[in-house]
A.B. asks: 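Can you keep this structure in mind? I'll have questions shortly.
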Amino acid sequence: MDVAKISSVSIPALQKGLLLDDLLENPDNFHKFEAIDCIQIPTTAGTGSEVTPFATVWDYEKNKKKSLSHPNMYAKKAFIDPDFLSDTPYQTALSTGLDALNQAFESIWNINANELTLSFSRRSVVLSLRNLPLVAEAAKNSDVREALALASLLAGLSISQTRTSICHSISYPLTLKYGIDHGLACSFSMLEVYKFNKESIDKDIKIIEKEIGCDPYTAIEDIFYNLEPREILANSLPAKSKFTESIEDFITEGRFENNIRKCESDDLIHIITASYDLLFE
């Protein structure tokens, strides 16, 4: 879907002599052409890309993740069909489901959150925490498919207004350097970032807790330990000394500073090292 959105602007831009780099460097260039209408139909439940104005551009030569963003990149129409999830492989369904869950939380612990996005995000979290443990049943269970598809849609609508935050910032090097699926990479630091932000989102946590009947942290922990994210991450990452040698790589401009609580360098180091230690305790 990101490729489609990029194509919808890069093709008419090229006809005006503008390259993709020109759009990445100067959003004013979007006013020099008319975007092609783009229709989005997600085949997984996780990215929410069908309802956001963002598209990810991975620069593997420079080991950097870039984001193309402009209101002209919203899809003309988006169609959500949960039955596409019937054929989704387990690890893909798990990773994309974790992406949606993380997007919803990142939109809650976000300086750009408002009452509308919070209502979407909390509902998305509740749907994810109830249904992600059942993700292996999605192929045969239409209720699970519909719940995960709705959770993804609501999370996408939320981040379209707030953008994401620390977990996503930390995730990008995990994907670039170690080839970890995006949603799994986002789950790497979710427990520690949750603890870091807990006091700042106490009201939202209580609302979610009332809906699911337990502490959201415990529900996330159960998913992390019981559905294989911990095992997959532990098998994908290098020794701790090598992993933590370039902490600055985990800071992504336009994401890190969105967190509701200011995160200093020492805080980041603790979040990353504690998240790593969780994999091997």
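Model, not experiment: these values are computed from the prediction.
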A.B. asks: Quick one: does any side-chain atom of Asn110 pair with a main-chain N or O of Ser107 as donor and acceptor, under 3.5 Å?
C.D. replies: no

A.B. asks: How close do Leu278 and Glu192 get, counting heavy atoms only, and between which atoms?
C.D. replies: CD1-OE2, 3.8 Å

A.B. asks: Under 30°, 30 to 60°, or over 60°: which ring-plane class applies to His182 and Tyr172, parallel, tilted or perpendicular?
C.D. replies: parallel

A.B. asks: Just do the side chain to side chain contact (heavy atoms under 4.5 Å, CB included) check on Ser67 and Arg255 with the steps written out, would you?
C.D. replies: CA-CA 11 Å; Ser67 182; Arg255 296 291 180 270; 3.6 Å; yes

A.B. asks: Backbone N or O of Leu118 within a donor-acceptor pair of the Ser121 side chain at under 3.5 Å?
C.D. replies: no

A.B. asks: Given side chains that start at C-beta, do those of Leu132 and Leu98 come closer than 4.5 Å, heavy atoms only?
C.D. replies: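 Result yes, sub-4.5 Å side-chain heavy-atom pair found.
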
A.B. asks: Counting N and O atoms only, with roles assigned by atom type, does the side chain of Arg145 sit under 3.5 Å from a partner on the main chain of Ala138, one being a donor and the other an acceptor?
C.D. replies: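 Side chain of Arg145 to backbone of Ala138: a pair is present.
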
A.B. asks: Between Ile170 and Leu268, is the side chain to side chain contact (heavy atoms under 4.5 Å, CB included) condition met? List the steps.
C.D. replies: CA-CA 9 Å; Ile170 292 173; Leu268 175 63; 3.9 Å; yes

A.B. asks: Indicate yes or no for a side-chain donor-acceptor contact from Asn131 to the backbone of Ala147 under 3.5 Å, with no hydrogens or angles considered.
C.D. replies: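 No, Asn131 side chain to Ala147 backbone: no donor-acceptor pair under 3.5 Å.
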
A.B. asks: I need the minimum non-hydrogen distance between Cys186 and Cys167, along with the two atoms involved.
C.D. replies: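 Closest approach of Cys186 to Cys167, heavy atoms only: O-CB, 3.8 Å.
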
A.B. asks: Whether the Thr117 and Thr162 side chains hold a donor-acceptor pair (N or O, under 3.5 Å, no angle test) is what I'd like checked.
C.D. replies: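 No, Thr162 and Thr117 have no side-chain donor paired with an acceptor closer than 3.5 Å.
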
A.B. asks: Does a salt bridge link Asp202 with Lys206, judged by any charged N lying under 4.0 Å from a carboxylate O?
C.D. replies: yes

A.B. asks: Can you name the closest pair of heavy atoms from Tyr74 and Val51 and give their distance?
C.D. replies: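 Looking at all heavy atoms of both residues, the shortest contact is CE2-O, 3.4 Å.
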
A.B. asks: Show the nearest heavy-atom pair for residues Cys214 and Glu209, with the distance to one decimal.
C.D. replies: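 Residues Cys214 and Glu209, closest heavy atoms: O-CG, 3.2 Å.
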
A.B. asks: Do Met1 and Leu85 land in one hydrophobic cluster if side-chain heavy atoms of ILVMFWY residues count as linked below 4.5 Å?
C.D. replies: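 Looking at the clustering, Leu85 is in a separate group from Met1.
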
A.B. asks: Are Tyr225 and Tyr276 linked, directly or through other ILVMFWY residues, by side chains that come within less than 4.5 angstrom of each other?
C.D. replies: yes

A.B. asks: Verify, without hydrogens or angle tests, whether Ser128 (side chain) and Val125 (backbone) share a donor-acceptor contact under 3.5 angstrom.
C.D. replies: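 No.
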
A.B. asks: Does the side chain of Pro133 come within less than 4.5 Å of Asp222's, by heavy atoms?
C.D. replies: no

A.B. asks: Please determine whether side chain to side chain contact (heavy atoms under 4.5 Å, CB included) holds for the pair Ile220 and Met190, giving the CA-CA distance in whole Å, both sets of side-chain angles, and the decisive distance to 0.1 Å.
C.D. replies: CA-CA 8 Å; Ile220 303 169; Met190 200 183 327; 4.1 Å; yes

A.B. asks: Would you mind reporting whether Leu94 and Tyr90 have side-chain heavy atoms less than 4.5 Å apart?
C.D. replies: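 When only atoms from C-beta onward are counted, Leu94 and Tyr90 do touch, with a gap below 4.5 Å.
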
A.B. asks: Working to the nearest 0.5 angstrom, can you tell me the gap between Arg163 CZ and Thr52 OG1?
C.D. replies: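 These two atoms lie 9.5 Å from each other.
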
A.B. asks: Would you call the rings of Phe243 and Phe188 parallel, tilted or perpendicular, where under 30° means parallel and over 60° means perpendicular?
C.D. replies: perpendicular

A.B. asks: Check for a donor-acceptor pair, side chain of Thr273 on one end and backbone N or O of Ile269 on the other, with a separation under 3.5 Å.
C.D. replies: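 Yes, because the side chain of Thr273 sits within donor-acceptor range (under 3.5 Å) of the backbone of Ile269.
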
A.B. asks: Does Glu50 reach the side chain of Pro42, with side-chain heavy atoms less than 4.5 Å apart?
C.D. replies: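 They are in contact (side-chain heavy atoms under 4.5 Å apart), so the answer is yes.
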
A.B. asks: Report yes or no: do Asn259 and Asn197 form a side-chain donor-acceptor pair below 3.5 Å?
C.D. replies: yes

A.B. asks: Between Ser49 and Lys5, do the side chains contain an N or O donor and an N or O acceptor separated by less than 3.5 Å?
C.D. replies: yes

A.B. asks: For Phe54 and Ile159, which heavy atoms make the closest approach, and how far apart are they?
C.D. replies: CE1-O, 3.3 Å

A.B. asks: Look at the side-chain heavy atoms of Ile, Leu, Val, Met, Phe, Trp and Tyr, link any pair under 4.5 Å apart, and say whether Ile201 and Leu191 land in one connected group.
C.D. replies: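 Yes, because Ile201 and Leu191 connect within a single hydrophobic cluster, where side-chain heavy atoms sit under 4.5 Å apart.
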
A.B. asks: Please lay out, stage by stage, how Ser165 and Phe256 fare under the test side chain to side chain contact (heavy atoms under 4.5 Å, CB included).
C.D. replies: CA-CA 5 Å; Ser165 185; Phe256 193 78; over 6 Å; no

A.B. asks: Looking at CD of Glu106 and NE2 of His168, how far apart are the two atoms once the value is rounded to the nearest 0.5 Å?
C.D. replies: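 Rounded to the nearest 0.5 Å, the CD-NE2 separation comes out at 6.0 Å.
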
A.B. asks: Check whether any side-chain heavy atom of Val135 lies under 4.5 Å from a side-chain heavy atom of Val144, and answer yes or no.
C.D. replies: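 No, side chains not in contact.
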
A.B. asks: Are any side-chain N or O atoms of Ser10 and backbone N or O atoms of Ile6, one a donor and one an acceptor, separated by less than 3.5 Å?
C.D. replies: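 Present.
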
A.B. asks: CD/Gln15 to NZ/Lys32 distance, rounded to the nearest 0.5 angstrom?
C.D. replies: 15.5 Å

A.B. asks: First locate atom CD of Glu228, then atom CD of Glu231, and finally report the distance between them rounded to the nearest 0.5 Å.
C.D. replies: 5.5 Å

A.B. asks: Could you tell me if the side chain of Tyr194 sits less than 4.5 Å from the side chain of Ile205, heavy atoms only?
C.D. replies: yes

A.B. asks: Search all heavy atoms of Arg230 against all heavy atoms of Phe280 and return the closest pair with its distance.
C.D. replies: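 Reported closest heavy-atom pair: NH2-C, 4.1 Å.
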
A.B. asks: Heavy-atom count around Lys76 NZ within 6.0 Å, excluding the residue itself: above 12?
C.D. replies: no

A.B. asks: Quick check against the 3.5 Å criterion: does Arg130 have a side-chain atom that pairs as donor or acceptor with the backbone of Ile212?
C.D. replies: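 Side chain of Arg130 to backbone of Ile212, a donor-acceptor pair under 3.5 Å: no, none is there.
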
A.B. asks: Consider only side-chain N and O atoms of Thr44 and Thr96, and report whether a donor and an acceptor are under 3.5 Å apart.
C.D. replies: no

A.B. asks: If you round to the nearest 0.5 Å, how far is CG of Asn114 from CZ of Phe120?
C.D. replies: 9.5 Å

A.B. asks: Between Glu146 and Pro82, is there a donor-acceptor pair closer than 3.5 Å when you use the side chain of the first and the backbone of the second?
C.D. replies: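 No: the side chain of Glu146 does not pair with the backbone of Pro82.
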
A.B. asks: If we only count heavy atoms from C-beta on, is the Lys177 to Asp249 side-chain gap below 4.5 Å?
C.D. replies: yes

A.B. asks: Do other residues, nucleotides or ligands put more than 12 heavy atoms under 6.0 Å from Glu245 CD?
C.D. replies: yes

A.B. asks: In terms of hydrophobic clusters joined by side-chain contacts under 4.5 Å, are Leu148 and Leu134 together?
C.D. replies: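 Yes, it is one cluster - the side chains of Leu148 and Leu134 are joined through contacts under 4.5 Å.
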
A.B. asks: Going by heavy atoms in the side chains, are Leu14 and Phe33 under 4.5 Å from each other?
C.D. replies: no

A.B. asks: Kindly work out whether a path of hydrophobic side-chain contacts (I/L/V/M/F/W/Y, heavy atoms less than 4.5 Å apart) joins Leu227 to Tyr217.
C.D. replies: yes

A.B. asks: Would a distance-only check, ignoring hydrogens and angles, find a side-chain to backbone donor-acceptor pair under 3.5 Å from Asp181 to Gly183?
C.D. replies: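 Not at all, since once roles are kept as given, no pair shorter than 3.5 Å links the two residues.
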
A.B. asks: In Å and rounded to the nearest 0.5 Å, what is the CD1 to CG distance from Ile272 to Asp277?
C.D. replies: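 Result: 12.0 Å between the selected atoms.
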
